[in-house]
Amino acid sequence: MPNSGKRKGESAEEIVEGFNELRLEQRNLITKMNELEAEVDEHELVITTLKKTDSDRRCFRMIGGVLVERQVKDILPSLESHKENIKQLIVSLNTAAEGKGKEMQDYVAKHDLKRNLSMNEGTSKEDDKRVSKADGPISQSVLVENVEEMD
C-alpha cells in the first residue's frame, strides 16, 4: 500500500508510483468484478436450461476439478445459491473499488497531484462506468507540483 503521508524525502517518482499502485489495485478489483459477472451470466444460463428439464433427469457438475453426477433437483438449488453468493461478492467488490477511488482522490489531494484530463490512456468505458462518477476516469496521466526533494 502506498505511503499515505507526504514525507519531505519522498520524490515525485515515488508519489506517482504510489498513485499508480492505487490505480492498479482499483483496476484489479474491476477486472475481478467483470469475471464474476460473466460467471453469474453462465449460472443464469445453466439454471434457465435446467428449469426446463425433468427434475429426475441426471446431470453433471464440475466440483473442485471432479465431474460428479447428480439429479437436476439436487443441483439446481446449489447453483442458485452459488449465483446469489457471487452477486453479493460483486457488490462488495464494487464497494471496494469505489473506496479505492476515494483513496485515490485523497492521495491526489494530499500530494498536490493534478490529473491531466486531456490524456486518457485508453481505459474502457466499462471501467469508467464502474467507478463512482466523482472518481472520474481511472486511467489518467499525473502531474506532480510543489514537491520538495531533499539531497
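This chain uses plain numbering: 1 for the first residue, then up along the sequence. Every heavy atom of this structure was used, including side-chain atoms; hydrogens, water molecules and symmetry mates were not.
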Counting C-beta onward and ignoring hydrogens, is there a side-chain heavy-atom pair between [X] and [Y] closer than 4.5 Å?
X: E17; Y: E21; value: yes
X: I30; Y: M33; value: yes
X: V68; Y: F60; value: no

Straight-line distance of [X] [atom1] to [Y] [atom2], nearest 0.5 Å:
X: L93; Y: E35; atom1: CG; atom2: CD; result: 10.0 Å
X: K83; Y: S81; atom1: NZ; atom2: OG; result: 11.0 Å
X: D106; Y: M104; atom1: CG; atom2: CE; result: 11.0 Å
X: K32; Y: E37; atom1: NZ; atom2: CD; result: 12.5 Å
X: K100; Y: L24; atom1: NZ; atom2: CG; result: 10.0 Å

Which atom names give the shortest non-hydrogen contact between [X] and [Y], and what distance separates them?
X: I86; Y: L36; result: CG2-O, 3.6 Å
X: R57; Y: T53; result: NH1-CG2, 4.2 Å
X: M62; Y: L67; result: SD-N, 3.9 Å

Worksheet item: Without hydrogens or angle criteria, can the side chains of S78 and R70 be said to hold a donor-acceptor pair below 3.5 Å?
Response: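 No, because no side-chain N or O of S78 sits under 3.5 Å from a partner of the opposite role on R70.
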
Discussion item. Among residues at least two apart in sequence or on other chains, which ones pass side-chain hydrogen bond (donor to acceptor under 3.5 Å, both in side chains) with Q71?
Written reply: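 By the side-chain hydrogen bond (donor to acceptor under 3.5 Å, both in side chains) rule, Q71 matches K73.
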
Fill in: Partner set under side-chain hydrogen bond (donor to acceptor under 3.5 Å, both in side chains) for R58, not counting sequence neighbours
E69

Worksheet item: Is the backbone of L45 close enough, under 3.5 Å, to the side chain of T49 for a donor and an acceptor to pair up by distance?
Response: yes

Item to complete: Give a yes or no answer on whether the side chain of Y107 reaches the backbone of I15 with a donor-acceptor pair at less than 3.5 Å.
Response: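 Here the side-chain-to-backbone pair exists.
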
Discussion item. Consider side chain to side chain contact (heavy atoms under 4.5 Å, CB included). Of D54, I47, V46, which one does L50 pass it with?
Written reply: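 So the option named by the test is V46.
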
Discussion item. Tell me whether L29 shares a hydrophobic cluster with V40, the cluster being built from Ile, Leu, Val, Met, Phe, Trp, Tyr side chains joined at under 4.5 Å.
Written reply: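 Yes, L29 and V40 fall within the same hydrophobic cluster.
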
Discussion item. Among E84, K87, E80, H82, exactly one meets side-chain hydrogen bond (donor to acceptor under 3.5 Å, both in side chains) together with H43. Which residue is that?
Written reply: H82

Discussion item. Which residues pass the side-chain contact (heavy atoms from CB on, under 4.5 Å) test with S92, not counting sequence neighbours?
Written reply: L89

